[in-house]
Amino acid sequence: MNLMEILKKEKIMAMIRGLHPSTTDRTAEALAEGGIRFIEVTTNTDGAYSLVSRWRKEYGDDLFIGMGTVLDVSMAKQAVDAGAQFLVSPNLDIEVIEYGTHHQIDVYPGVMTPTEIVKARSAGAKAVKVFPMGSLGGPSYLKEIRAPLDNIPMIASGSIGLHNLREVIAAGAFAVGMGGNLVNKQLIEAGDYNAIKKLSLECINVIANLQA
């Protein structure tokens with residue numbers, strides 16, 4: 001299974017961070033029903049490792065479950081042991097990339113500068129996470145940085161939602177990481193999982209229209 005090929009088609013990676021344990025299962029279900037296939041569970045979510053392990057068993061190949069906020073090799077090891085199919089970081093840690101490569105697990109490290117992007121790629125990263133997009137200048141920054149580095153797949157992350165999804169993809173994002181603008185805590189706390197499903201469907205439709 002080539003995860004990068006699937007991510008290239010699906011485009012959207014939903015991030016679950018800091019949700020109350022009682023809401024995580026319903027949230028994942030709503031995302032899946034809305035057509036989302038990639039879910040990143042951050043390490044600073046209660047029971048993150050057990051969630052990854054359980055969802056891998058429950059969803060099989062219907063969802064691709066990875067671990068986010070992987071800051072060091074210790075976290076990477078726990079994530080891989082839990083069954084994570086990919087690792088995402090907000091930072092660039094060469095040892096984490098090397099650990100993932102050794103275990104045939106994709107690592108998408110967080111980067112900002114051209115130097116970090118090239119360094120991550122040279123270390124073996126299949127793609128890089130350009131973060132935080134909102135602070136970096138959004139799609140315009142991504143477009144500019146891709147001009148000399150268009151051979152490196154870039155996952156845009158930070159302040160991405162339905163309002164700018166089309167623009168970010170048009171700027172050349174290989175995929176996008178979507179947090180609170182998709183996994184909306186207010187909706188979840190209100191128990192409005194249908195709204196999460198509807199939002200997911202709308203995002204998926206944007207991607208489908210772009211690929212048509």
Side-chain angles (χ1 to χ4, degrees), residues 1-4 6-7 12-25 27-28 31 36-61 63-133 135-136 152-158 160 174-180 182-183 185:
M1 180 186 300
N2 189 326
L3 207 62
M4 285 288 288
I6 301 170
L7 181 57
I12 297 173
M13 184 183 296
M15 183 180 69
I16 289 180
R17 180 193 299 279
L19 296 185
H20 191 278
S22 64
T23 67
T24 50
D25 283 338
T27 300
L31 290 167
I36 300 297
R37 297 194 67 201
F38 281 79
I39 295 181
E40 166 196 342
V41 183
T42 68
T43 57
N44 52 356
T45 298
D46 285 347
Y49 297 103
S50 59
L51 267 182
V52 168
S53 182
R54 182 159 55 80
W55 286 350
R56 280 298 315 281
K57 294 172 184 174
E58 290 180 5
Y59 286 99
D61 291 334
L63 290 181
F64 299 97
I65 310 295
M67 187 71 75
T69 317
V70 178
L71 304 177
D72 53 39
V73 172
S74 175
M75 287 181 169
K77 184 179 186 306
Q78 291 182 75
V80 171
D81 287 347
Q85 291 170 284
F86 57 90
L87 307 178
V88 186
S89 303
N91 62 307
L92 172 57
D93 188 306
I94 300 301
E95 290 184 353
V96 170
I97 297 173
E98 291 174 344
Y99 183 86
T101 300
H102 180 72
H103 290 274
Q104 297 182 311
I105 301 291
D106 286 1
V107 179
Y108 312 134
V111 295
M112 288 181 67
T113 66
T115 298
E116 289 179 330
I117 292 170
V118 173
K119 189 175 182 180
R121 183 67 162 180
S122 297
K126 296 286 183 65
V128 296
K129 169 184 167 180
V130 181
F131 171 83
M133 278 292 291
S135 302
L136 289 169
I152 302 175
M154 299 182 191
I155 301 169
S157 182
I160 296 173
F174 180 84
V176 297
M178 299 181 69
L182 174 58
V183 189
K185 287 188 177 181

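If you're wondering where the values come from, they're calculated on a predicted model, not measured in any experiment.
- Lys185 contributes atom NZ, which lies 12.0 Å from atom NE2 of His20 (distance to the nearest 0.5 angstrom).
- In this structure, CD1 on Ile36 lies 4.5 Å from CD1 on Ile12, to the nearest 0.5 angstrom.
- Taking Asp106 as the reference, Lys126 meet the salt bridge (charged side-chain N to carboxylate O under 4.0 Å, His left out) condition, with sequence neighbours excluded.
- Remark: Ala127 engages Met4, Tyr108, Pro153, Ile155 in a side-chain contact (heavy atoms from CB on, under 4.5 Å) (not counting sequence neighbours).
- The local environment of CG in Asp61 is sparse, with at most 12 non-hydrogen atoms from other residues, nucleotides or ligands closer than 6.0 Å.
- A donor-acceptor pair under 3.5 Å is formed between the side chain of Ser122 and the backbone N or O of Val118.
- With sequence neighbours excluded, the residues satisfying salt bridge (charged side-chain N to carboxylate O under 4.0 Å, His left out) with Glu58 are Arg54.
- Atoms OG1 and CD1, from Thr27 and Ile16 in turn, are 6.0 Å apart once rounded to the nearest 0.5 Å.
- Asn91 contributes atom CG, which lies 9.0 Å from atom NZ of Lys129 (distance to the nearest 0.5 angstrom).
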Enumerate donor-acceptor pairs with a distance under 3.5 Å from any side-chain N or O in residues 96-103 to protein atoms, sequence neighbours excluded.
| from | atom 1 | to | atom 2 | distance (Å) |
| --- | --- | --- | --- | --- |
| Thr101 | OG1 | Ile97 | O | 2.9 |

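- Counting heavy atoms from C-beta on, the side chains of Trp55 and Asp25 come closer than 4.5 Å.
- Residues meeting the side-chain contact (heavy atoms from CB on, under 4.5 Å) test with Phe38, sequence neighbours left out: Leu3, Ile6, Leu7, Glu10, Met13, Phe64, Phe86.
- The distance from atom CE of Met67 to atom CD1 of Ile105, rounded to the nearest 0.5 Å, is 11.5 Å.
- Closest heavy-atom contact between Leu31 and Ala14: CD1-CB, 3.9 Å.
- For the side-chain contact (heavy atoms from CB on, under 4.5 Å) test, residues two or more places apart in sequence or in another chain that qualify with Ala156 are Met133, Leu142, Ile160, Val168, Ala173, Val176.
- The salt bridge (charged side-chain N to carboxylate O under 4.0 Å, His left out) contacts involving residues 41-53 comprise nothing, where partners must be two or more places apart or lie in separate chains.
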Worked check of side chain to side chain contact (heavy atoms under 4.5 Å, CB included) between Val88 and Phe131: CA-CA 11 Å; Val88 186; Phe131 171 83; over 6 Å; no

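- Residue pairs meeting the salt bridge (charged side-chain N to carboxylate O under 4.0 Å, His left out) criterion with at least one partner in residues 64-78, sequence neighbours excluded, are Lys77-Asp81.
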What verdict does the side chain to side chain contact (heavy atoms under 4.5 Å, CB included) test give for Ile39 and Tyr59, after you've listed the backbone C-alpha separation in whole Å, the side-chain angles of each residue and the deciding distance to 0.1 Å? CA-CA 11 Å; Ile39 295 181; Tyr59 286 99; over 6 Å; no

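- Take Thr115 and apply the side chain to side chain donor-acceptor pair (under 3.5 Å) test, not counting sequence neighbours, and it matches no residue.
- Taking the side-chain contact (heavy atoms from CB on, under 4.5 Å) definition, one finds that Arg17 meets it with Met15, Thr42, Asn44, Thr45, Thr69, sequence neighbours left out.
- One finds the OG atom of Ser53 at 12.5 Å from the CD atom of Gln78 (value rounded to the nearest 0.5 Å).
- Within the 3.5 Å criterion, the main-chain N or O of Ile65 finds a donor-acceptor partner in the side chain of Gln85.
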Would Glu116 and Val128 satisfy side chain to side chain contact (heavy atoms under 4.5 Å, CB included), going step by step from the backbone distance to the final call? CA-CA 9 Å; Glu116 289 179 330; Val128 296; over 6 Å; no

Side chain to side chain contact (heavy atoms under 4.5 Å, CB included) between Val111 and Lys119, worked out: CA-CA 9 Å; Val111 295; Lys119 189 175 182 180; over 6 Å; no

